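Working notes, beginning with the structure itself.
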Amino acid sequence: MPEESRLEEERRAKVARWRAEGREPYPWSFPDRVGTDAVRSAAQALAPGADAPGTTYRVAGRVRAIRQHGRTTFADLDDEAGELQLLVRVDDLGEEAYRAWLADLDPGDLIGAEGIAAHSRRGEPSLLVRSLTLLAKAISPPPEKYHGLQDVEERIRRRYLDLLASPESRARFRARSLLIRECRSYLNDAGFLEVETPVLLPVASGAAAAPFVTRSRYLDEEVQLRIALELPLKRLLVGGFERVFELGRVFRNEDLDSIHSPEFTMLEAYWAYADYHDMRRLVEGLYAHLGRRALTLFPDVAGVREAAEAFERGFATVDFLEELERTSGVRDLGSKSREELRELARAAGSSVPDDSPAGVFLDKLFEHYVEPGLTAPTFVVDHPASTTPLAKRHRSKSGRVERFEFYYRGFELGNAYTELNDPDEQERRFREQLHARGADQYAYDEDFVRALRHGMPPSTGIGIGIDRMAMAFTAAASIKDVILFPLARRR
RNA sequence: GGGCCCGUAGCUCAGCUCGGUAGAGCAGGCGGCUCUUAACCGCAAGGUCAGGGGUUCGAAUCCCCUCGGGCCCGCCA
């Protein structure tokens, strides 16, 4: 018999024994429980060695480890509030119940315990147990108690095992959730209205990534999953909303690597009658706020302190072309021909197609020379117009657009523009983009241009990658460390 | 798309260089122990060495293919 089956058979036999004795191995509830932290702090308030017979506590959680010493047994009970040692003695439970419990209890079981706060002789805060209740028998054994689950693939495919074995993993995902909450709170306080726009669209637009394609049976038409939130949100500016944001999943049918996932969470915000200078101030305020809140909400997560201090100091600002010229040693990049830029990009190790637009080569050069050095929070501003089809041209710098990206730890955290609101200019750029990519494969959102013709206020907008934000505040090396269930190949 | 690396018990890992009966710890079983916290001590058990093919008297080990994963590079505004 395979090992796993044998282990599971043994545990199933325990369930059967439980039932045969008229006890329920999967009961319905365990009322009046408190967190393990309540017992810990009650125990710590006691004089060493003393018990507090007045108050009984009921706690529930997962059994992490069992240490049997004949007529005394210790068990570590894990719940969301932490870990608590249970001190179980034959004197308190009675001979029969004590023996029965020892025989049937396994690491991984979910149990409830009632007892009083106490210290062990070694001083460990403990629950001196009066009674135990099985809440759910674990048929399959948990990962190894000391090393936990190490296999990267298993940690991702069976995240529940990673989470139940790794408090660090649970803390990281909790941190992600709290960061999202703080983003919402900050934007709400700044007067932004949260909205929801469609995931399913006739044509995915607002970025140049390949979409996931599916089909509506009702329409009998192909539909695509959104690749950005931008165009529906700008329509809302046309409609008269002045500050809106959306937090949602977007889908790009592209490769997965340490900073890209086919589905990821984007925060986009649009702000009428404001420009990208205003947006920079908003970003600085947001990240400083997040850092301060992170220090309060999850101070023990790895990387929090460094990130919070970095964002508290604020962002440096560098000009896209000046920084590229400084790091590459090449002068007058702004006046180079497409062919010259192509050769420079090739020398830097890039192999994009020869007929790519000049902006593509500039982006490659930027990624090669500048990005890795952007470890401290940095705004990169005023990109060459050829790199950026959807931003408004710069009001004073010729050949540039009003755009900033911001970086930390060498990767991009977000991207913002003063938004293009000239409908004819927008239509022209859509057509150029279409032409460059092959019209049979891509269509553009004609209704968006029609909306712009009705007038969109001068506005600024931003896209922020939430997954990368979570990476930044938790020192995560891979985006998979901050996505609960990353896409994995069927097996 | 290219290169490199990994896959051995439920979990964590040795063994592979240089071919010779597959090992340990944790978890599980049995026994002991009333203060441990990676508890400890004793006994017994647990394997499709990812899958397939090849070389060989003999393959976890060498070779080829496949599957899954990781890292790097490239591509993907």
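Numbered from 1 within each chain, the chains take letters A, B, ... in sequence-line order. Note that the coordinates shown come from a computational prediction; the quantities given were computed from them, not determined experimentally.
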Polar atoms only, N or O, under 3.5 Å: list the protein pairs with nucleotides 66-68 of chain B and their distances.
| residue | atom | partner | partner atom | Å |
| --- | --- | --- | --- | --- |
| B:G68 | O3' | A:Arg157 | NH2 | 2.9 |
| B:G68 | O2' | A:Glu153 | OE1 | 3.2 |
| B:G68 | O2' | A:Glu153 | OE2 | 2.3 |

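Closest to the A:Leu7 side chain, of the nucleotides B:C75, B:G29, B:G10, is B:G10. Of the candidate nucleotides B:U12, B:C75, B:U37, B:U37 has the atom nearest to the side chain of A:Gln85. Among the nucleotides B:C11, B:U34, B:G29, the one closest to any side-chain atom of A:Asp106 is B:G29. Picking from B:U34, B:A27, B:C11 the nucleotide with the shortest atom distance to the side chain of A:Pro141 gives B:A27. Taking every side-chain heavy atom of A:Arg11 into account, B:A27 is the closest of B:C35, B:A27, B:U34.
For the pair A:Leu341 and A:Ala358, the tightest heavy-atom approach, listed with the atom from each and the gap, is CD1-CB, 3.9 Å. The two atoms that bring A:Glu405 and A:His383 nearest to each other are OE1-NE2, 3.0 Å, heavy atoms only. When all heavy atoms of A:Gly248 and A:Leu229 are compared, the closest pair comes out as N-CD1, 4.4 Å.
Straight-line distance between the C1' atoms of B:U61 and B:C30: roughly 36 Å, to the nearest whole Å. With P as the reference atom, B:C65 and B:C5 are 14 Å apart, rounded to whole Å. Using C1' as the reference atom, B:A27 and B:C67 are 29 Å apart when rounded to the nearest Å. Using P as the reference atom, B:G19 and B:C13 are 27 Å apart when rounded to the nearest Å. Between B:G53 and B:G47, the distance separating the two C1' atoms is 22 Å to the nearest Å. If you take atom C1' in B:A50 and the same atom in B:G69, they sit 11 Å apart, rounded to whole Å.
Residue A:Ser350 has a polar side-chain atom (N or O) positioned under 4.0 Å from OP1 or OP2 of B:C75. Side-chain nitrogen and oxygen atoms of A:Lys14 include at least one within less than 4.0 Å of the OP1 or OP2 phosphate oxygen of B:G29.
Both A:Leu149 and A:Leu487 sit near RNA chain B, but only A:Leu149 has its closest nucleotide nearer the 5' end. Nearest-nucleotide positions on RNA chain B place A:Gln150 closer to the 5' end than the other of A:Ser126 and A:Gln150.
Relative orientation of the A:Phe366 and A:Tyr407 rings is tilted, given thresholds of 30° and 60° on the angle between their planes.
Among the heavy atoms of the strands lying under 4.0 Å from A:Asp363 are primed sugar atoms or P, OP1, OP2 only; no base atom is included. Contacts of A:Ala207 with the nucleic acid, taken as non-hydrogen atoms under 4.0 Å apart, include base atoms. Counting non-hydrogen atoms under 4.0 angstrom, A:Gln68 reaches a base of the nucleic acid. Backbone-only contact: A:Gly148 has heavy atoms under 4.0 Å from sugar-phosphate atoms and none from a base.
Contact of A:Asp91 with B:U34 (side chain to base): a donor-acceptor pair of N or O atoms is detected under 3.5 Å.
A:Leu86 has its CG atom 16 Å from the C1' atom of B:U34, to the nearest Å. Rounding to whole angstrom units, CZ of residue A:Arg155 and P of B:U12 are separated by 10 Å. Rounding to whole angstrom units, CZ of residue A:Arg346 and C1' of B:C73 are separated by 16 Å. Straight-line distance from the NE2 atom of A:His69 to the C1' atom of B:C41: 12 Å, rounded to whole Å. We find that NE2 of A:His368 is positioned 16 Å from C1' of B:C75, with the value rounded to whole Å. Here the C1' atom of nucleotide B:G29 and the CD atom of A:Glu8 are 16 Å apart, to the nearest Å. To the nearest angstrom, P of B:C73 lies 13 Å from NE2 of A:His260. Rounding to whole angstrom units, CZ of residue A:Arg6 and C1' of B:G47 are separated by 12 Å.
Of the residues listed (A:Asp78, A:Asp79, A:Asp300), the one engaging A:Arg170 in a salt bridge (Lys or Arg N to Asp or Glu O under 4.0 Å) is A:Asp78, and it is the only one.
Relative to the six-membered ring of A:Phe315, A:Arg280 misses at least one condition, a distance below 6.0 Å or an angle of at most 45° to the axis.
By the 4.0 Å N-to-carboxylate-O rule, A:Arg252 lies too far from A:Glu254 to be salt-bridged with it.
For B:G42, the paired base is B:C30 (Watson-Crick or G-U wobble, both distances below 3.5 Å). Across all strands shown, B:A9 has no partner, as no Watson-Crick or G-U wobble contact with both distances under 3.5 Å is found. B:G1 and B:C73 make up a base pair, with Watson-Crick or G-U wobble contacts both under 3.5 Å.
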Pair A:Asp481-A:Met471, side chain to side chain contact (heavy atoms under 4.5 Å, CB included): steps then yes or no
CA-CA 8 Å; A:Asp481 294 334; A:Met471 289 175 68; over 6 Å; no

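For the side-chain contact (heavy atoms from CB on, under 4.5 Å) test, residues two or more places apart in sequence or in another chain that qualify with A:Arg58 are A:Phe30, A:Pro31, A:Asp32, A:Glu114.
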